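Here is the structure we will look at, set down as structure tokens.
Residue numbering restarts at 1 for every chain, and letters A, B, ... go by the order of the sequence lines. None of these values were measured; they are calculated from a predicted model. Just the heavy atoms: all of them, side chains too, but no hydrogens, waters or symmetry mates, feed the values below.
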There are 2 protein chains.
Amino acid sequence: MGTPEKLTIDDVAKYCGCSRATVSRVMNHDKRVRPETAEAVEAAMEKLGYHPNSMARALSAGKTNTVAVVVPEKWQEQPYYIKLIDAIEDVADSRGYNIILKRRKYIDSVSELVNRKQVDGVIFRNMEETGKELALYGKMERMGLPFILIGKPVSTYPFIKVDNVGGARAVASYLAEEGYKKILFIKGPELHVDSIDRLAGLKIGLSEKGFNLDNLFLSDGDYSTESGYHAAKEYFAKNKADAVFAANDRMALGVLLYCRENGIKVPEELGIVGFDDNFFAEYLTPSLTTVKPPMYEIGIVAMESLIRMIENSERPNIRVILPAELIIRESCRAGMKPDKKT
Amino acid sequence: MGTPEKLTIDDVAKYCGCSRATVSRVMNHDKRVRPETAEAVEAAMEKLGYHPNSMARALSAGKTNTVAVVVPEKWQEQPYYIKLIDAIEDVADSRGYNIILKRRKYIDSVSELVNRKQVDGVIFRNMEETGKELALYGKMERMGLPFILIGKPVSTYPFIKVDNVGGARAVASYLAEEGYKKILFIKGPELHVDSIDRLAGLKIGLSEKGFNLDNLFLSDGDYSTESGYHAAKEYFAKNKADAVFAANDRMALGVLLYCRENGIKVPEELGIVGFDDNFFAEYLTPSLTTVKPPMYEIGIVAMESLIRMIENSERPNIRVILPAELIIRESCRAGMKPDKKT
DNA sequence: CTGAAAGCGCTTACAG
DNA sequence: CTGAAAGCGCTTACAG
């Protein structure tokens, strides 16, 4: 049972008739302890119900076994962040780490965690970094505190990202092979690197399938559902297309809403493809064909890499790009354009 | 700029020509420091770029300013947990706390956090607690470590929960007032307290509107989409109803899928109501009428209560029930049953 | 209002 | 393989 009195390492040492140093070594699996001694100490810790104080340990060892994970403000819109965090936690738990979650709006607190030596490292979901992020990255580098970016790379810092080009290329191949002839791409905010990569991947994929890029049209959007709706409205007022590829799922949803309002049948008259595999994608009617970023894998790799940096104090040049998967659902499925097949 | 060398409280003291104790008092806003002294110390900390070491502070003060938040295994199915966590973080940040996130599967790690004095308190999302949870609750109580349960109450521990009875009662009033005459309720897993409360609220609400409970029918489910689908299939094979109230949104979705497959028009021929305001509810076609639990408010109250317990070492008898809101959408909207109105 | 000193509970060279 | 001792960087009675 163990009485609720506070036990310290000295109590264990006294009980075992050894020194505090030896108990410490046993806890830290130091090879230099005689096996019998180690066993005795372990038995004592068990018997007494002793648990080392994390704060004392962290103070003297200079290591907290805690990392911070910084997610975007509106991670709610993208529940795949849950998968990311699950992955990070899975690795963390198996390696004895804990994770402190922070939204980007509390970046100043993250900075304080760093200043106060409260974390061994940080995983940042980096999108469009501001001066604050850059200052923090710089500070951490100077301090020698490991961190890793998920998403947009910055400078030469370690990063892990989704293969946006490859994902869009897969969409392109699919559309071309299915015989779609006129495609509208709805862009994200100007200069947003993901959108740029997705468009690039689309062009590469279409080109290599012999698709004439004159039949690829571009519209501006800002990732919001509304912008997708308006892009569709504006475009279809004067033009036609048999497929729309939106740079993200929310804009694809906007297109779908436009079609529903205007009696355009999806996928019969128009194929719609998004990107992100947003949480609602499978629940829409029709369900949305999209590209799924490997969030779980990203989390695993991110945390494993971070731990490696922390424990080996090596600064490996981590630059990882993980493939995204095309998820075919009803909004753009095979065989809807058989008549137009080449 | 500040050189990257490690500054300690002694450096600040030396710089100010005062003692380490005084610097400490200034950091902790101790009233007993002369204002001029305090100012000088603060200026020095600023100038030197000093930041106190959290671990040292935690060790000597016996307080970590960290709390753990335990969420269910499959919190991914219920992104309203993001709102809960956001709320907890909002309060935490403003009060200088950090949160360590843990899924229930890692309850053993939570136990270790407690044993090792790594957290000042814990917020548990409690559903159907196992022996492990009970043991941990008991241990924390014995240690005098504050914790609070969200959801199902246990023993006399502090808890915060949704008013399931009231939410379902609102649904009942609405259905009765709209003139629905024959209602099917799909239950959750046997003995699940939320489902029981929702059914109770439904009965109360219907009764007080003069609805004859002989026209309320019950079906078994287990909260899964499939169970909702099958409950509908089984029931409608031999019976009729003009409204279905499912104990959660996923089962309501199952009913909706059944209707779609069998050409039953929603809401024209059948009204469907769920519970939870699950993330997909607004994206379904038709969008789902449901009851929205006040997750953000729950998070706020939970964290504020926990901090109060931590900082005042009072053990207030916290038992809070927060109201849930009926969200009327397309699947069961006003005026669909005008012919049947009493 | 301020300081000297003990203490929080560990880890880790250093010696042996 | 083991121990004595210093040290990690704070907080907090205790005295004044």
Minimum-distance nucleotide (side-chain atoms of Thr37(B) versus dC1(C), dT12(D), dC10(C)):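 Side chain of Thr37(B) sits closest to dC1(C).
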For the side chain of Pro35(A), counting heavy atoms from C-beta on, which of dT2(C), dA4(C), dC1(D) is nearest?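 Selected nucleotide: dC1(D).
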How long is the line joining [atom1] of [X] and [atom2] of [N], in whole Å?
| X | N | atom1 | atom2 | result |
| --- | --- | --- | --- | --- |
| Arg34(A) | dT2(D) | CZ | P | 5 Å |
| Met45(B) | dG9(D) | CE | P | 17 Å |
| Arg20(B) | dA5(C) | CZ | C1' | 9 Å |
| Met27(B) | dG9(D) | CE | C1' | 9 Å |

Charged N to carboxylate O under 4.0 angstrom, [X] versus [Y]?
| X | Y | answer |
| --- | --- | --- |
| Glu128(B) | Lys152(B) | no |
| Arg95(B) | Glu311(B) | yes |
| Asp90(B) | Arg103(A) | yes |

In whole angstrom, give me the gap between the P atoms of dC14(C) and dC10(C).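 Between the two P atoms, the distance is 24 Å.
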Side chain proximity check, Ile160(B) to Leu149(B), heavy atoms < 4.5 angstrom: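 A side-chain contact is absent here, since even the closest heavy-atom pair is not under 4.5 Å.
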Which is true for [X] with a 4.0 Å heavy-atom rule: it touches a base, it touches only sugar-phosphate, or it touches nothing?
| X | answer |
| --- | --- |
| Asn28(A) | sugar-phosphate |
| Ser24(B) | base |
| Arg32(A) | base |

Check: Arg25(B) side chain, dG3(C) base, donor-acceptor under 3.5 Å: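 Counting by modelled atom types and ignoring angles, a donor-acceptor contact under 3.5 Å is found here.
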Any strand: nucleotide that pairs with dA15(C) via Watson-Crick or wobble, under 3.5 Å: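 Base partner found: dT2(D).
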